[in-house]
Amino acid sequence: MKPEETVDYNIKVAWHAISRMYNTQAAKHDITTSIGFVLLNIDQENGTPATKIAPLLGLETRSLTRILRSMEEKGLIYKQADTQDKRSVRIFLTEEGLRGKEISRQTVRHFNLKVREKIPQNQLDIMFKVIGQITSMIEGKTLFDDFQLKQLRSESSSTESRPL
């Protein structure tokens, strides 16, 4: 099977193209795609618990910690102890963070509008359904339950050339 015939290759290529496009736009405003997605997921009025952000974006906690540190250094966010649960930290947007969120929101909307102008809704519906099904299969964690690795080529050639 050629790489371009595989599901994962096509998803990866599309995502990398989207990510590069967003990074080009984000760089004009001194942010990154990752920062833009975090900004979009922070509640403007109540802030958002830091522990809720990583799962929303499919990020590892370590990655989010680095992004949040960078965002704090850029003056986009500030952290505050949760009033209900002192062990928890909430992330709030600064004025600069609100500006970045609006830039991110408009950029995402523009991209989606342009895609929707070119691709009919019924085709997008099929794509959303298929992507949802693939995600469910992966999150079900049973995809490889019946997987058995076949003998590797290097193993078969080394045993064939070895005298018994």
task: Verify side-chain hydrogen bond (donor to acceptor under 3.5 Å, both in side chains) between N23 and T33, making sure each step is shown before the conclusion.
output: CA-CA 5 Å; N23 269 322; T33 299; 2.9 Å; yes
Within a 6.0 Å radius of atom [atom1] on [X], are there more than 12 heavy atoms belonging to other residues, nucleotides or ligands?
{"X": "H29", "atom1": "NE2", "result": "yes"}
{"X": "E95", "atom1": "CD", "result": "no"}
{"X": "M137", "atom1": "CE", "result": "no"}
{"X": "Q121", "atom1": "CD", "result": "yes"}

With a 4.5 Å cut-off on side-chain heavy atoms, are [Y] and [X] touching?
{"X": "K79", "Y": "R90", "value": "no"}
{"X": "Y78", "Y": "T94", "value": "yes"}
{"X": "L93", "Y": "Q44", "value": "yes"}
{"X": "I67", "Y": "T32", "value": "no"}
{"X": "V89", "Y": "T51", "value": "no"}
{"X": "T107", "Y": "Y22", "value": "yes"}
{"X": "Q123", "Y": "I126", "value": "no"}
{"X": "E72", "Y": "R69", "value": "no"}

From [atom1] ([X]) to [atom2] ([Y]), nearest 0.5 Å:
{"X": "K118", "Y": "L124", "atom1": "NZ", "atom2": "CG", "value": "13.5 Å"}
{"X": "S70", "Y": "L76", "atom1": "OG", "atom2": "CG", "value": "7.5 Å"}
{"X": "T83", "Y": "N46", "atom1": "OG1", "atom2": "CG", "value": "9.5 Å"}

Can any side-chain N or O of [X] pair as donor or acceptor with the backbone N or O of [Y] at less than 3.5 Å?
{"X": "S104", "Y": "L40", "result": "no"}
{"X": "N41", "Y": "L57", "result": "no"}
{"X": "S88", "Y": "D85", "result": "no"}
{"X": "T65", "Y": "T61", "result": "yes"}

message: So which atom in I42 and which in I91 form the shortest heavy-atom distance, rounded to 0.1 Å?
response: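 Looking at all heavy atoms of both residues, the closest pair is CG2-O, 3.4 Å.
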field: Atom of E45, atom of F92 and distance for their closest heavy-atom approach
entry: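 Shortest heavy-atom contact: O-CE2, 4.0 Å.
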message: Check for me, please, whether Y9 and M1 land in the same ILVMFWY cluster - side-chain distances under 4.5 Å, paths through other members count.
response: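 No; tracing contacts between hydrophobic side chains, which count when under 4.5 Å, never links both residues.
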message: Between E102 and R105, does any side-chain N to carboxylate O distance fall below 4.0 Å?
response: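 Yes, E102 and R105 are salt-bridged.
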Salt-bridge criterion met for R99 and E96 (N-O under 4.0 Å):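 A salt bridge links R99 with E96.
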